[in-house]
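A, B, ... follow the sequence lines: proteins, then strands. Residue 1 opens every chain. All values below come from the heavy atoms of this structure, side chains included, with hydrogens, waters and symmetry mates left out.
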2 protein chains.
Amino acid sequence: MDLQRIKYFLALSEELHYWKTAEKVNITQSALSRQIQSLESELGLQLFERNKRNVKLTPAGQFLKEKWEVELSELEYIHQFAKQLHLGERGTITIAHPDSISASIMPDLLAKITDAFPQLQIKLVQVLYENQLEFLKNYKIDLVITRDTNSEPGIKSIKLYSDHLALVVPLDHPFKALGDLSAENLKQQKFILPSKDEGSSYSEIIQAFFKSYDFVPDVFLHSEFGSTIIALVRKGLGIAILPDSYMHHQSPGLRFIPLPFKTDLLINWRADDHNPVLANILKLVFEY
Amino acid sequence: MDLQRIKYFLALSEELHYWKTAEKVNITQSALSRQIQSLESELGLQLFERNKRNVKLTPAGQFLKEKWEVELSELEYIHQFAKQLHLGERGTITIAHPDSISASIMPDLLAKITDAFPQLQIKLVQVLYENQLEFLKNYKIDLVITRDTNSEPGIKSIKLYSDHLALVVPLDHPFKALGDLSAENLKQQKFILPSKDEGSSYSEIIQAFFKSYDFVPDVFLHSEFGSTIIALVRKGLGIAILPDSYMHHQSPGLRFIPLPFKTDLLINWRADDHNPVLANILKLVFEY
DNA sequence: TCCATTAATGCAAAATACGCATTAATAAAT
DNA sequence: ATTTATTAATGCGTATTTTGCATTAATGGA
């Protein structure tokens with residue numbers, strides 16, 4: 001059963017006149033007549049009561065007219081929706097990102113995405129460092145922003161941005177600028193640091209920092225969550241080293257002292273993921 | 001867009017294998033391949049991600065699979081329903097009938113109808129004598145049972161049944177049988193009769209009855225409704241002449257004395273009404 | 001009774017769909 | 001690295017379906 005036939009039927013059911021209908025739908029009267037006939041024989045019922053003079057819907061025809069109008073418009077909507085999925089203008093994508101950029105890069109990126117593709121559904125999730133690539137491979141997430149390069153086959157990634165590291169201290173702390181730091185006074189500080197594996201390259205850079213002052217820090221506490229670390233520093237429980245993206249968070253009472261160390265942000269996705277939504281988002285990211 | 005194509009698509013979306021699917025739907029792999037291709041080009045989107053080795057739904061394909069499954073089953077249901085309308089196994093018909101047969105012929109007839117066509121919706125309405133044919137012509141009712149022949153063009157009718165008239169008296173009334181009636185004692189009775197026009201031929205028969213005893217009745221009250229008349233007779237307010245179908249009503253305390261007069265019941269419908277439901281009901285009625 | 005209208009139909013041409021055989025890409029086996 | 005097996009796509013000739021034109025036949029109105 002061709003949907004075009006149903007459209008012809010609907011046109012005829014409005015006009016109730018073969019000639020006029022045929023003209024309106026741009027076929028000949030003979031073609032229209034046969035289309036209706038084959039529709040009737042396909043359904044095994046009569047759609048119109050007709051003689052050489054009049055055309056009138058049967059009860060079954062009337063019923064089908066009403067129902068088919070609804071079904072066809074539903075189908076049209078469905079096809080349009082599917083087209084948007086195809087173009088990557090609709091659909092869902094799940095993104096994992098580190099807490100550190102939730103107030104800096106992420107809002108900008110998300111604004112850009114929703115601006116370009118307002119129908120897109122974006123799911124943001126927090127994924128522990130150790131699970132990131134596994135979740136990506138298992139289709140639990142489609143895009144993950146990390147601070148660590150990966151060498152997995154099948155996972156593509158590109159550098160998105162470079163962050164400076166910063167020493168985070170309370171406002172009333174004696175450290176005001178990079179020059180205030182020395183091996184001696186650093187030794188007297190209590191440090192609150194990220195867990196060893198919250199982005200291993202990031203951890204390594206922090207180690208490098210301590211090494212440059214040639215001492216082993218007194219680590220008071222490890223936390224995986226930057227916002228927790230910031231709260232602890234604000235309460236005066238210690239000082240921290242964080243990517244300076246955190247400066248964009250609402251953090252009164254804190255001073256960020258930039259350090260000459262950088263940490264990269266990378267965006268990762270499955271190489272074989274052909275979801276058009278992903279393609280569109282990557283396009284936006286690359287423009288970034 | 002042919003629905004058959006969508007069915008092929010759904011089959012392939014289950015199997016995800018052209019050969020197996022083609023075999024299952026009884027076409028060659030080449031035909032299936034082209035069906036899917038033309039479906040894709042019709043929709044302007046890709047349904048499957050495929051190379052020479054693997055077949056996989058795209059997001060749009062996955063979406064359409066789910067939606068089309070629903071739509072197709074809805075359409076199937078609709079077509080089946082329409083088929084039943086065509087066969088007159090479903091649909092609505094509005095029937096008007098006189099009160100007199102609501103406890104005799106009507107229950108039998110309705111039982112027969114619902115037995116043969118359990119899906120049919122029957123609307124029973126009361127229509128005043130004077131409106132019966134007008135309502136029938138104006139499509140307010142489809143079938144009307146009357147006690148009067150009609151000569152309207154475009155209205156067909158056949159005789160359904162013949163009723164005897166009966167004299168209706170309270171049990172304690174001196175009239176016990178037809179022999180008890182005479183011109184003298186009839187004159188002393190108060191009569192409760194139907195309105196002059198509640199089926200004119202019926203009225204005429206009653207007039208004929210009185211004429212046969214050669215007197216003019218003392219008519220205490222006219223009513224269009226048989227059940228009202230019966231109630232009044234039971235209360236002793238007078239005696240009545242009614243079709244003996246009323247015997248089938250629950251009417252304790254009454255005696256029906258059959259009279260040698262008959263009144264016909266006719267069933268009427270529009271000659272040009274091709275509603276299959278009507279045809280089915282008439283078929284049942286004719287068997288009656 | 002005649003005329004105008006109009007849905008159905010015979011027929012040939014055009015368009016479409018199909019099956020067969022083959023090709024080409026790719027994953028698995030050696 | 002090379003071979004083999006699998007399998008979706010495709011070229012081509014055939015079969016089927018659909019179309020338009022012209023005509024027919026039924027019907028309501030003058």
Visitor: What nucleotide among dC18(C), dA9(D), dT18(D) has an atom nearest to a side-chain atom of Lys52(B)?
Guide: dA9(D)
Visitor: How close or far is atom P of dA8(C) from atom CG of Leu39(A), stated in whole angstroms?
Guide: 13 Å
Visitor: Closer than 4.0 Å, any side-chain N/O of Gln29(A) to the OP1 or OP2 of dT9(C)?
Guide: no
Visitor: Just to confirm, is there a sub-4.0 Å distance from OP1 or OP2 of dC18(C) to any side-chain nitrogen or oxygen of Thr28(B)?
Guide: no
Visitor: For Lys24(B), is there an ion pair with Glu14(B) - N to carboxylate O distance below 4.0 angstrom?
Guide: no
Visitor: What is the distance, to the nearest angstrom, from the CZ atom on Arg50(B) to the P atom on dT26(C)?
Guide: 14 Å
Visitor: Just how far, in rounded Å, is P of dA9(D) from CG of Leu47(B)?
Guide: 12 Å
Visitor: Can you work out whether Ala31(A) or Asn54(A) has the more 5'-proximal nearest nucleotide on DNA chain D?
Guide: Ala31(A)
Visitor: Quick check: do Ile105(B) and Tyr161(B) have side-chain heavy atoms less than 4.5 Å from each other?
Guide: yes
Visitor: Rounded off to whole Å, could you give me the NZ-to-C1' distance for the Lys20(B) and dT7(D) pair?
Guide: 11 Å
Visitor: Report the distance from atom CD of Gln46(B) to atom P of dA8(D), rounded to the nearest whole Å.
Guide: 15 Å
Visitor: Nearest whole angstrom, please: distance from the P of dT6(C) to the CG of Leu12(A).
Guide: 13 Å
Visitor: Indicate yes or no: does Glu40(A) engage Arg50(A) in a salt bridge with an N to O separation below 4.0 Å.
Guide: yes
Visitor: Give the ring-plane orientation class for Trp68(A) versus His79(B), where under 30° counts as parallel, over 60° as perpendicular and anything between as tilted.
Guide: perpendicular
Visitor: Figure out the OH/P separation between Tyr8(A) and dT18(D), and round it to whole Å.
Guide: 11 Å
Visitor: At less than 4.0 Å, is any side-chain N or O atom of Gln37(B) found next to OP1 or OP2 of dT10(D)? Yes or no.
Guide: yes
Visitor: Starting at the 5' end of DNA chain D, which residue's closest nucleotide do you reach first, Arg34(A) or Trp19(A)?
Guide: Arg34(A)
Visitor: Please report, rounded to the nearest Å, how far the P atom of dT16(C) is from the CE atom of Met1(B).
Guide: 15 Å
Visitor: Base, sugar-phosphate, or nothing: which does Gln35(B) touch, judged by heavy atoms less than 4.0 Å apart?
Guide: sugar-phosphate
Visitor: For the side chain of Ile27(A), counting heavy atoms from C-beta on, which of dA8(D), dA27(C), dG20(D) is nearest?
Guide: dG20(D)
Visitor: Ion pair present between Asp142(A) and Lys123(A), side-chain N to carboxylate O less than 4.0 angstrom?
Guide: no
Visitor: For Ser30(A) and for Arg53(A), find the nucleotide of DNA chain C with the closest heavy atom, then tell me which residue's nucleotide is more 5'.
Guide: Arg53(A)
